[in-house]
Trainee: 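There's a structure below that I have some questions on.
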Amino acid sequence: MNDLSASPALIERLKSAVGERNVITDDHGREPFENDWRGQFHGRAAAIVKPASTDEVARVVQMLAKERVGIVPQGGNTSLCGGSVPDASGRQVVVNLSRMNRVRAVDPANNTMTVEAGCVLATLQQAADEHDRLFPLSLGAEGSCEIGGNLSTNAGGTGVLRYGNTRELVLGLEVVLPDGRVWDGLRALRKDNTGYDLKHLFVGAEGTLGIITAAVLKLFAKPRSQATALVAVESPDAALKLLAKLRESVGERVTGFELISRICLDLVFRHIPNTRDPLGCASAWYVLVELSDSTQGSTLDNLLEQALGSAAEAGLATDAVLAASDTQRKALWALRENVSEAQKLDGVSIKHDVSVPVSRVPEFIERASAALLKKFPDIRIVAFGHMGDGNVHYNCGKSQADQASRFYGESPEVNHIVYEVVNDLNGSISAEHGLGVLKVDEIKRYKSALELDLMRAIKKTLDPDGIMNPGKVL
Ligand code: FAD
Ligand code: ZN
């Protein structure tokens, strides 16, 4: 496997398939495709190939498969686990899908759109909007990540609570298999019980089973009214109870429920210009709550105000501020959305993207924090995330930058402490970002031997020579 690098003759054939300037081999040109967004993973590729059609992808894959050259599918290269960059061998070929960026069709009556893998997520949100529809996938990287990458990582983000992960947003796929055959599964059906649902094999496969070239995506009614509040709560447990209470009173209208600790907000105030505390006194914990509805009018504000009023009476909320305008709404969301950036500006941290059953989020935070503080008394825990999905971004650092870099060396022990608690609560060590190369060893400890066997069997069936994104996931 991968014992052959891309020979000069192969490079020439690739150029004939996709055009000379769409095969990049020089050091300078390859560089942006060989390094990840965080600057943690650095590889070296034989070439970067940029096909513009499914047919070109198929021809490229056939050529590479014939010589058993490792293929790294790549979209916007925003992976946070090293999934989208080549290894250091200089033998793998990156197949970047960014030129496949056409919206092939929009069918408003069927509430679907058929799009190519290289469409940037923000462009698709806009395309849906132009047809008076919503494509609800939304994440921090939406200006650069591409739908093929979103599908391949089963991306989450802030809309999951109401609309589900990317997996829930797809009806059909077109995939170039590791031998170059094209599977046309671009069905736009909401009901189809004709055997195994193959598309779900490729969703979340991180490019290890084939290259997604196009997809049929679901569209939704656009929200016409929104109500947003930042709510101070005493603890994650109070936040959990608040979530249950809100759902009892307003049901499906709860579209956002993001937990934020005070430490996160302080980091944002310190590092992000034009941010300030919209509440009078500090609280240890907050939730950013959003209600949405596809009917017009201001009833949502009243609903939220009433719900928060009764939550306060029940002792579940200690303070709250409702956004009175779209500008204020954006300012509240900016507090949540800038946590990662603020933390990055503050220094290094050891990050965990974990999930547990929603009901056990408070227990996870309490147990993991107690275990970490016992071992590292001056640790700084930056916990925030999609509480409504049971997904916590649980990042550990030190408040002094110089200590923080040294602390990074403790990653294995810190990870172990956190993941053991996650495992004990039947959780997942990767809720959103995937395994890539980052967690390829760790997952062996936390998935059963049987589950890993089944995964390997699927990989072997579809990719017997192991050329699709070698070294990732398994
Ligand atoms: P890439 O990074 O290029 O690739 C990701 C993986 O998919 C790789 O394994 C690659 O081989 C594979 N792949 C890419 N395209 C294809 C294809 N067409 N066919 C087969 N395999 C393919 N993730 C979340 O889930 N939720 C978040 O809230 C979130 N926020 C983020 C915020 C920031 C600022 C950043 C930088 C990242 C964030 N991410 C988040 C992670 C990342 O953006 C997502 O994983 C995204 O879906 C990756 O898309 P991409 O096009 O950049 O894919
Ligand atoms: Zn997230």
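Each ligand, and each atom within it, is numbered from 1 in the order the structure gives.
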Trainee: Quick check on contacts: which atoms of ligand 1 are under 4.0 angstrom from a heavy atom of E146?
Mentor: 50 (P), 51 (O)
Trainee: Numbering the atoms of ligand 1 from 1, which are under 4.0 Å from a heavy atom of G207?
Mentor: 20 (C), 21 (N)
Trainee: Is the shortest distance from a Lys or Arg side-chain nitrogen in D346 or R380 to a carboxylate oxygen in the other one below 4.0 Å?
Mentor: yes
Trainee: Please report whether ligand 1 has a polar contact with S152, defined as an N or O pair separated by less than 3.5 Å (distance criterion only).
Mentor: yes
Trainee: With respect to G75, determine whether any N or O atom, backbone or side chain, lies less than 3.5 Å from an N or O atom of ligand 1.
Mentor: yes
Trainee: I'd like to know whether the aromatic ring centres of H352 and H433 sit less than 6.0 Å apart in this structure.
Mentor: no
Trainee: Please evaluate residues Y446 and E420 with respect to the criterion side chain to side chain donor-acceptor pair (under 3.5 Å), reporting the C-alpha separation (whole Å), side-chain torsions for both, the decisive distance (0.1 Å), and the verdict.
Mentor: CA-CA 9 Å; Y446 297 110; E420 287 298 305; 2.8 Å; yes
Trainee: Among protein heavy atoms, which sits nearest to atom 50 (P) of ligand 1, and what does the distance come to when rounded to 0.1 Å?
Mentor: G76 N, 3.5 Å
Trainee: Rounded to 10°, how big is the angle at the Zn ion (ligand 2) from E432 OE1 to H386 NE2?
Mentor: 100°
Trainee: To the nearest 0.5 angstrom, please state how far the CD1 atom of I379 sits from the CG atom of L372.
Mentor: 4.5 Å
Trainee: Pull out every atom of ligand 1 sitting under 4.0 Å from any heavy atom of E206, numbered as shown with elements.
Mentor: 9 (O), 11 (O), 12 (C)
Trainee: Strictly under 4.0 Å, does any heavy atom of G210 approach an atom of ligand 1?
Mentor: yes
Trainee: In terms of residue, atom name and distance, what is the protein heavy atom nearest to atom 4 (O) of ligand 1?
Mentor: S84 CB, 3.4 Å
Trainee: Would you say ligand 1 has an N or O under 3.5 Å from any N or O of W37?
Mentor: no
Trainee: Looking at I211, which atoms of ligand 1 are within less than 4.0 Å of one of its heavy atoms?
Mentor: 19 (N), 20 (C)
Trainee: Considering heavy atoms of the protein only, find what lies nearest to atom 49 (O) of ligand 1 and give residue, atom and distance to 0.1 Å.
Mentor: C145 CB, 3.4 Å
Trainee: Which residue holds the protein heavy atom closest to atom 46 (C) of ligand 1, what is that atom called, and what is the gap in Å?
Mentor: N150 ND2, 3.5 Å
Trainee: Quick one: nearest non-hydrogen protein atom to atom 32 (C) of ligand 1, plus distance?
Mentor: A141 N, 3.7 Å
Trainee: Has the side chain of D36 got a donor or acceptor atom that lies under 3.5 Å from a matching backbone atom of F41?
Mentor: yes
Trainee: Would N154 count as a polar contact of ligand 1, with the cut-off being nitrogen or oxygen pairs under 3.5 Å?
Mentor: no
Trainee: For atom 39 (N) of ligand 1, what is the nearest protein heavy atom, given as residue, atom name and distance?
Mentor: L80 CD1, 3.8 Å
Trainee: Are side-chain heavy atoms of I467 and L64 found at a separation under 4.5 Å?
Mentor: no
Trainee: As a check for students: among T153, V94, L97, identify the option with a heavy atom nearest to atom 5 (C) of ligand 1.
Mentor: T153
Trainee: In terms of residue, atom name and distance, what is the protein heavy atom nearest to atom 25 (O) of ligand 1?
Mentor: G156 N, 2.9 Å
Trainee: Would you say the side chains of H42 and E34 form a donor-acceptor pair under 3.5 Å?
Mentor: no
Trainee: Return the closest protein heavy atom for atom 11 (O) of ligand 1 as residue, atom name and distance.
Mentor: P73 O, 2.6 Å
Trainee: E432 to ligand 1: N or O pair under 3.5 Å?
Mentor: yes
Trainee: Is there a donor-acceptor pair under 3.5 Å between the side chain of Q226 and the backbone N or O of L291?
Mentor: no
Trainee: Answer with side chain, backbone, both or neither: which part of I212 has a heavy atom less than 4.0 angstrom from an atom of ligand 1?
Mentor: both
Trainee: Among T78, L121, L139, which residue places a heavy atom closest to atom 40 (C) of ligand 1?
Mentor: L139
Trainee: Please say whether more than 12 non-hydrogen atoms of neighbouring residues, nucleotides or ligands are located less than 6.0 Å from NZ in K344.
Mentor: yes
Trainee: Under a 3.5 Å distance rule, please check whether D389 uses its side chain to pair with a backbone N or O of N391 as donor and acceptor.
Mentor: no
Trainee: Indicate yes or no for a side-chain donor-acceptor contact from S428 to the backbone of S430 under 3.5 Å, with no hydrogens or angles considered.
Mentor: yes
Trainee: At the 4.0 Å heavy-atom cut-off, does G157 count as touching ligand 1?
Mentor: yes
Trainee: Can a salt bridge be assigned to the pair D277 and R262 using a cut-off of 4.0 Å between side-chain N and carboxylate O?
Mentor: yes
Trainee: Go through ligand 1 atom by atom and flag the ones less than 4.0 Å from a non-hydrogen atom of A155.
Mentor: 25 (O), 47 (O)
Trainee: Below 4.0 Å from any atom of ligand 1, is there a heavy atom belonging to N469?
Mentor: yes
Trainee: Please determine whether a side-chain nitrogen of the Lys or Arg among E252 and R247 lies less than 4.0 Å from a carboxylate oxygen of the Asp or Glu.
Mentor: no
Trainee: Sub-3.5 Å donor-acceptor pair from the side chain of N338 to the main-chain atoms of A342, do we have one?
Mentor: no
Trainee: Using non-hydrogen atoms of the residue, decide whether K472 is closer than 4.0 angstrom to ligand 1.
Mentor: no
Trainee: I'd like to know whether the aromatic ring centres of Y394 and F364 sit less than 6.0 Å apart in this structure.
Mentor: yes
